[in-house]
2 protein chains.
Amino acid sequence: MTTRHHAQLRIAADLAILTVREGALHALVITRGNEPFAGKPALPGGFVRTDEDLDAAAVRELREETCLNGADLHLEQFGVYGEPHRDPRGRVVSVAYLAIMPNLPWPSAGSDASGAAWVAVDRAQGNLAFDHDRILYDAVERARQRLELTTLATAFCPPEFTIGDLRSVYEVVWGETLDPRNFSRKVINTEGFIEPTGRKRVPATGRPAALYRAGNVATLNPPILRPSTDS
Amino acid sequence: MTTRHHAQLRIAADLAILTVREGALHALVITRGNEPFAGKPALPGGFVRTDEDLDAAAVRELREETCLNGADLHLEQFGVYGEPHRDPRGRVVSVAYLAIMPNLPWPSAGSDASGAAWVAVDRAQGNLAFDHDRILYDAVERARQRLELTTLATAFCPPEFTIGDLRSVYEVVWGETLDPRNFSRKVINTEGFIEPTGRKRVPATGRPAALYRAGNVATLNPPILRPSTDS
DNA sequence: CCAAAAGTGTTAAACATACACCCATGT
DNA sequence: ACATGGGTGTATGTTTAACACTTTTGG
């Protein structure tokens, strides 16, 4: 018989850390070292400490998992998951955070001792521990919507990026192709979205593209609406 | 000396129940009967029970406060509030829900034994217990955004309503006036938003208006964008 | 020169806005 | 008749979408 404690309640912060690499949306996935679900993939996260703010816990987890200071990254709470039996250890209520990163050359794919790896969202779905499939799905939906209404796309990009880079973020996250020429104009004419740096980047082949940095507004007005998905 | 338990953690579900009445956005506010904040106004809510789902707790609280079956109302989780010292009793993490109701003739304004009353959001703000001012603010912002992207406005209306009723919801929640003629057309041409019932309602004065019921789609495509708030 | 990606010009269709005007009812 | 809110028509300007075409680089 296992000793069943009296319904201990704990709060966790779980992270859906997304990035775009190799033309696909990837999530940072860890391999669990402990029971339950030892050996299974899961979203990074951990318990919120006594006297620790929820957001602070998310920042801490992000730093522990990515060795990056979460302060300059996009980090956004997007849901709570509290179904009574979602965690076999007892009652655990998870606060879910969406984090967006540019495509940094880390962690090295697959063979990392830390057990964290970028996995294409399509491939990650269906195998995750707990209810993390659901959490990841909701995170991606939230990101898709945020691209329409906010300047979130710039969070996927390095400090300097081309309009082509930015368009690629939209295309990969939405799974739609966009007209490069019209996209250019729309973005340039949306005040505060991006600012020119004056520099250019020469691609392997083709005309050099102007480089931009993220602008100073967070919400897009007007929004960048995705091509209507008339089902 | 009060006996201070070791950092007991509890989960609460708090409700921002909104409706439109008398041309203003109102929230259901209770007067607290117990410490802390006894006598102060607050949003309705309560602790989530052991083995109770978060959404179920919200539905239960809604029923307890309004005597209405929450099943047919719009009820949507919109945030978590977990700052360590937001509740003087100890660590309480609140899951916040947005509920939308039509303008029912209840509770009777002010003089209700239950201690629950509709209060104009403008008047409620600034007095609420805990961090409920913040929660209510976020709820209203969420509702404003939902009007743009979803058919939430119909949840403010009775089962049958006129386009004027619907427009009034937009005007009150957004705090903007809309052109009645253009609004009509936009709503009618948005497939799935509203369906004609064939009936009409005769107002005190003026031409009878066609009655509609809520349609079968939840997300508006294209969205109904609010007049640009070019600051 | 050619391939490739960036970016400009142009046009037609769709949409938004403003508002003149008519409609249907109670008083 | 007239006040009042419901609703249609229509002109005007803006935004979108599609795509021909030019620009700038490396091979």
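Heavy atoms only: backbone and side chains are in, while hydrogens, waters and symmetry mates are out.
When distances run from any side-chain atom of Asp179(B) to the nucleotides dC19(C), dT17(C), dG6(D), the shortest one goes to dC19(C). For Ile163(A), the listed nucleotide lying nearest its side chain is dG7(C); candidates were dA17(D), dG7(C), dG7(D). The nucleotide whose nearest atom lies closest to any side-chain atom of Arg185(B) is, among dT10(D), dG7(C), dA16(C), dT10(D). You'll find that the side chain of Ala209(B) is closest to dG7(D), out of dC19(D), dC19(C), dG7(D).
With Glu176(B) contributing its side chain and Arg226(B) its backbone, the two residues share no donor-acceptor pair below 3.5 Å. Distance alone, capped at 3.5 Å, places no donor-acceptor pair between the Arg142(B) side chain and the Leu98(B) backbone. Side-chain atoms of Thr151(A) come within 3.5 Å of backbone N or O of Val217(A) as a donor-acceptor pair. Put simply, the side chain of His74(A) never gets that close to the backbone of Ala155(A): no donor and acceptor are under 3.5 Å apart.
Rounded to an integer number of Å, the gap from CD1 of Ile188(B) to C1' of dG6(D) is 10 Å. As rounded to whole Å, 17 Å separates atom P of dA13(C) from atom CG of Asn182(A). When rounded to the nearest whole Å, the span between CZ of Phe183(A) and P of dC19(D) equals 19 Å. Computed from coordinates, the Leu178(B) CG to dA18(C) C1' distance equals 14 Å when rounded to whole Å. Summarising the geometry, the separation between CZ on Arg226(A) and C1' on dT16(D) is reported as 18 Å, rounded to the nearest angstrom. At whole-Å resolution of the value, NZ in Lys186(B) and C1' in dG7(D) are 17 Å apart. Leu225(B) places its CG atom 14 Å from the C1' atom of dT14(D), with the value rounded to the nearest Å. Between the CD atom of Glu148(B) and the P atom of dA16(C) there is a distance of 13 Å, given to the nearest Å.
Using a 4.5 Å heavy-atom cutoff, the side chains of Phe156(A) and Leu25(A) are in contact.
A perpendicular orientation is assigned to the rings of Phe78(B) and Tyr81(B), their planes being inclined by more than 60° (bins at 30° and 60°).
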B/S/- contact track for nucleotides 21-27 of chain D, protein heavy atom under 4.0 Å:
B-BBBS-
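For Phe183(A) and Tyr170(A), the gap between ring centers is short of 6.0 Å.
Residue Arg167(B) is classed as a sugar-phosphate contact, given heavy-atom separations below 4.0 Å to backbone atoms only.
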